[in-house]
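Reviewing the structure listed below.
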Amino acid sequence: MKVIVTENKIQGGAKAFEIFKNEIKNGAKVLGLATGSTPETLYQNFINSDLNCSNLISINLDEYVGLTPDNPQSYHYFMRKHLFDKKPFKKSYIPDGMTKDIAATCKEYDQIIKDNPIDVQLLGIGRNGHIAFNEPGTPFDIGTHEVKLTENTIKANSRFFDNEDEVPKSAICMGTANIMDAKKVVLMAFGEKKAQAIKEMIEGPVTEQVPASILQKHPDVTVIVDKAAAQELDDKYKN
């Protein structure tokens, strides 16, 4: 596991973009993408570059159940706003949050990933060590599945909605097994609130109670953190 420590998230986004650009130059065609504030600086680097994404395929980690693609809180909307409207891909896959058959949709998504093996998977990390919506206790061998959101997550998300009743109660999410199948993983984390999770992911035991710790067993992982997120790490990682 390679650790890169930057001054801030701006430099972190630039460093992540260098990695993605080099991988694409060397033949990467399928990118696993993430949402949230963490990858925004990376996506801005994509937009500001002359990189042609028209031959690339993207596969997103997750989507809320019950949100239409044009809902401003949906991950379909986020990806269009922060990347796809300005850098269209050849094909972009995001789980269908409006599906009437979640089990079938999960199975179809697993097949999409199988048919389009992910060359580079982008990840963030939650304060409790979750990756995507794979919360502590999620089996490491699970594929795409429906995740019931915790009360804490629902409460945290309620600030984005008119009232808590509108907050999605579940999401369709790539499983840890899907993530581990990616050829290369790039995980980004910024801010002191992520410091403990980063330490447990890199230095702690591999346990389902810290979902990201499974990445210790992946052959090619690069972790990009700012100094605040790296502050709990052993000094050997801070060079």
Legend entry - Atom of Gly124, atom of Ile131 and distance for their closest heavy-atom approach: O-CG2, 3.6 Å
Inset, instruction - Grab the two heavy atoms, one from Ser54 and one from Asn52, that are nearest each other, plus how far apart they are. - result: OG-OD1, 2.7 Å
Inset, instruction - Examine Val5 and Ile125 and state if one hydrophobic cluster contains both, with Ile, Leu, Val, Met, Phe, Trp and Tyr joined whenever side-chain heavy atoms are less than 4.5 Å apart. - result: yes
Legend entry - Within-4.5 Å side-chain heavy-atom neighbours: Lys87 and Ser49: yes
Inset, instruction - Indicate whether the side chain of Gln196 and that of Glu200 have a donor and an acceptor atom separated by less than 3.5 Å. - result: yes
Legend entry - Pair Lys148 + Glu146, salt bridge at N-O below 4.0 Å: yes
Inset, instruction - Would you mind reporting whether Gln11 and Thr41 have side-chain heavy atoms less than 4.5 Å apart? - result: no
Inset, instruction - Could you tell me whether a side-chain N or O of Asn8 sits under 3.5 Å from a main-chain N or O of Ile10, the two making a donor and an acceptor? - result: yes
Inset, instruction - Indicate yes or no: at least one non-hydrogen side-chain atom of Val225 is less than 4.5 angstrom from one of Phe190. - result: no
Legend entry - Side chain Asp181, main chain Pro117, donor-acceptor under 3.5 Å: no
Legend entry - Donor-acceptor side-chain pairing of Ser58 and Ser92 below 3.5 angstrom: yes
Inset, instruction - Would you check if the side chain of Arg80 reaches a backbone N or O of Pro69 as a donor-acceptor pair within less than 3.5 Å? - result: yes
Legend entry - His218 side chain to Ala182 backbone, donor-acceptor under 3.5 Å: yes
Legend entry - Phe89, Tyr77, Tyr43 screened by ring pair (Phe, Tyr, Trp, His ring centres under 6.0 Å) with Phe84, the one that passes: Phe89
Legend entry - Glu63 side-chain N/O to His76 backbone N/O, donor-acceptor pair under 3.5 Å: yes
Legend entry - Exam field: side chain Gln216 to backbone Gly204, donor-acceptor pair closer than 3.5 Å: yes
Legend entry - Distance-only donor-acceptor check, side chains Tyr109 and Tyr93, under 3.5 Å: no
Inset, instruction - Check whether any side-chain N or O of His130 sits under 3.5 Å from a backbone N or O of Asn128 as a donor-acceptor pair, and report yes or no. - result: no
Legend entry - Short side-chain donor-acceptor distance under 3.5 Å, Thr99 and Asp101: no
Legend entry - Any side-chain heavy-atom pair of Leu123 and Val186 under 4.5 Å: no
Legend entry - Beyond-backbone contact of Lys169 with Ile154, side-chain heavy atoms, under 4.5 angstrom: yes
Legend entry - Same cluster (ILVMFWY, side-chain, under 4.5 Å), Ile142 and Ile118: no
Inset, instruction - Examine Phe46 together with Phe17 and report whether their ring centres are nearer than 6.0 Å. - result: yes
Inset, instruction - Report yes if some heavy atom in the side chain of Val167 is under 4.5 Å from a heavy atom in the side chain of Phe160; otherwise report no. - result: no
Inset, instruction - Decide whether Leu233 and Val206 are clustered together by the hydrophobic rule: side chain heavy atoms of Ile, Leu, Val, Met, Phe, Trp, Tyr closer than 4.5 Å, transitively. - result: yes
Inset, instruction - Look at the rings of His82 and Phe78 and say which category their plane angle falls in: under 30° parallel, 30 to 60° tilted, over 60° perpendicular. - result: tilted
Inset, instruction - Return yes if some donor-acceptor pair links the side-chain N/O of Asn22 with the main-chain N/O of Ile19 below 3.5 Å, else return no. - result: no
Inset, instruction - Please determine if Asp226 and Lys9 form a salt bridge, counting it only when a charged side-chain N lies under 4.0 Å from a carboxylate O. - result: no
Inset, instruction - Using a 4.5 Å cut-off on heavy atoms from C-beta on, say whether the side chain of Leu122 contacts that of Leu31. - result: no
Inset, instruction - State yes or no: do Val120 and Met188 share one hydrophobic cluster built from I, L, V, M, F, W and Y residues joined by side-chain heavy-atom distances below 4.5 Å, directly or via other members? - result: yes
Inset, instruction - Could you tell me whether Lys199 atom NZ has more than 12 heavy atoms of other residues or ligands within 6.0 Å of it? - result: yes
Legend entry - Met201 with Leu61, same ILVMFWY side-chain cluster at under 4.5 Å: yes
Inset, instruction - In plain terms, say whether Glu18 and Lys21 are close enough for a salt bridge, that is, a side-chain N and a carboxylate O under 4.0 Å apart. - result: no
Inset, instruction - Identify the two heavy atoms, one from Val221 and one from Leu215, that lie closest to each other, and give their separation to 0.1 Å. - result: CG2-O, 3.7 Å
Legend entry - Non-hydrogen side-chain atoms of Val147 and Ile172 separated by less than 4.5 Å: no
Legend entry - Backbone of Met174 reached by a side-chain donor or acceptor of Asn134 within 3.5 Å: yes
Inset, instruction - Check for a donor-acceptor pair, side chain of Asp110 on one end and backbone N or O of Thr144 on the other, with a separation under 3.5 Å. - result: yes
